[in-house]
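What follows is one structure encoded as structure tokens, with my remarks underneath.
Everything numeric here is computed off the predicted structure, so don't read it as measured data.
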Number of protein chains: 2
Amino acid sequence: MRNSGSGGDRGSVPTRERLVRSTQELLWERGYVGTSPKAILERAGVGQGSMYHHFDGKAALALAAIERSAEELWASADACLSGPGTAYDKVAAYLLRERQVLRGCPIGRMTQDRDVACSAELRRPLDALFDRLRARIAEVIAEGVRAGELAAGTDPAALAATVAATVQGGYVLARAADDPAPFDAAVRGLLALLSAQVTTGPTAYPTGPAGHRSIR
Amino acid sequence: MRNSGSGGDRGSVPTRERLVRSTQELLWERGYVGTSPKAILERAGVGQGSMYHHFDGKAALALAAIERSAEELWASADACLSGPGTAYDKVAAYLLRERQVLRGCPIGRMTQDRDVACSAELRRPLDALFDRLRARIAEVIAEGVRAGELAAGTDPAALAATVAATVQGGYVLARAADDPAPFDAAVRGLLALLSAQVTTGPTAYPTGPAGHRSIR
DNA sequence: GTCTATATCTAGATAGAC
DNA sequence: GTCTATCTAGATATAGAC
């Protein structure tokens, strides 16, 4: 049982963990190309030797950071989509959950990074996350259709893609404007369309403690 | 009247123009941070002296390239939105027009580049483009509402943001999957929702020569 | 107007001391 | 395990010849 870092017995964050977290932050802020090992080390407060001891190099560290971010994002999204209420409520909870719009999506951002998109290994966690996300949203929608809440003839997979795309595109529009308003508008527009598919009004069900603001 | 490049009288593209076009391509492929002056010069086939003669530096050249790309994108989008048919037809024409999905949007991509987003000057053309685009889509939708084609109560600005976001987000999902399918699914899902807002079926009007495949 | 040579700084990684 | 030196290459810009 080797010591996995000097911090474990001091109550501080182990070196390896600090490297991963620093890299998560920097990838989110600057992307892969814009993030240098030097910047990671400075933020983590460790020397170069530590980084190359724990990881093979920049790509390996980035992979660990991306996988971690994807896990965290999935946990957050799934919590919304597994919440109380109708299918509409669950989708609305996911759409209205988003935070820090101007920072963008830590995972979606990576798709614009050439070195990431061109690397099968680095792209895999992105693909896996969005695949799971769309599948989960589609599942929620399909349940709504089966329950008679949403219009029959609704294509769950297509609508799930629209939901995920609206969020990702909302980030893009908001960053272009340096203002979260376009993101909010896109979500509002989608929820308005979605509510038109609801045969039983979403508020006809008890929505439970979540109490998300309804759009229409 | 100074000579604005040695190519004008030889039928070849002037140096300055070659620099702008090369930069457009590289910004699209690699983003701002990932594009070096050296790469631009190599693609344009000119020496460094030419670049620093025509432009102050990388940022100035990038600004010219981004403005050019925005103009081209606007022309293309506006053509779709000014086409024949109903409001649904026009929006569908815009949504279905998209090409080279895996390359992403040359303008939307820039929003993920820190140096661009943090520069008021470089961000301005992105903001202007998406602002015009949303305004134009909203105009089409508002006309549809006034004409009684689309449901009264529709919020043109919000729906326009949803349309633009679906496209931008579709690119993100497609690049994550390395497959255009999620883009197509997102568009299909949105058109299905939109068609539910159509009080008069879109095919009830003569759609003219455009003849876009209808989704539902 | 265009070129090559040069300068400075940083990226990314290795070597080896402690 | 962690540190500081050191290395090679490339980014970005300037200088000055042609």
| task | Kindly point out which of dA11(D), dT4(C), dT2(C) is positioned nearest to the side chain of Pro37(B)? | result | dA11(D)
| task | Nearest-nucleotide wise, let me know which of Gly47(B) and Ala39(A) is further upstream toward the 5' end of DNA chain C. | result | Gly47(B)
| message | Can you measure Lys38(B) atom NZ to dA13(D) atom P for me and round it to whole angstrom units? | response | 15 Å
| query | Do other residues, nucleotides or ligands put more than 12 heavy atoms under 6.0 Å from Glu121(A) CD? | reply | no
| field | Closest nucleotide among dC3(D), dG12(C), dT12(D) to the Tyr52(B) side chain | value | dT12(D)
| message | What is the distance, to the nearest angstrom, from the OH atom on Tyr32(B) to the C1' atom on dA11(D)? | response | 12 Å
| Modelled atom types, side-chain donor and acceptor of Thr111(A) and Arg123(A), under 3.5 Å | no
| query | Whole Å only: how far is the CG atom of Asp56(A) from the C1' atom of dG12(C)? | reply | 14 Å
| note | When rounded to whole Å, the CD to C1' distance for the pair Glu42(B) and dC3(C) reads 15 Å
| task | Locate the shortest heavy-atom distance separating Leu63(A) from Pro125(A); write the atom from each residue and the value. | result | CD1-CG, 4.1 Å
| request: With the side chain counted from C-beta on, respond yes when Arg103(B) and Tyr171(B) share a heavy-atom pair under 4.5 Å apart, and no when they do not. | output: no
| request: Whole angstrom is fine here: how far is it from CZ in Arg18(B) over to P in dG1(C)? | output: 16 Å
| said: So, does Thr15(B) get its side chain near the phosphate of dG1(C), meaning an N or O under 4.0 Å from OP1 or OP2? | reply: no
| said: Nearest to the side chain of Gln48(A), heavy atoms from C-beta on, is which of dT4(D), dC3(D), dT12(D)? | reply: dT4(D)
| What is the distance, rounded to the nearest whole Å, between atom NE2 of His53(B) and atom P of dT12(D)? | 22 Å
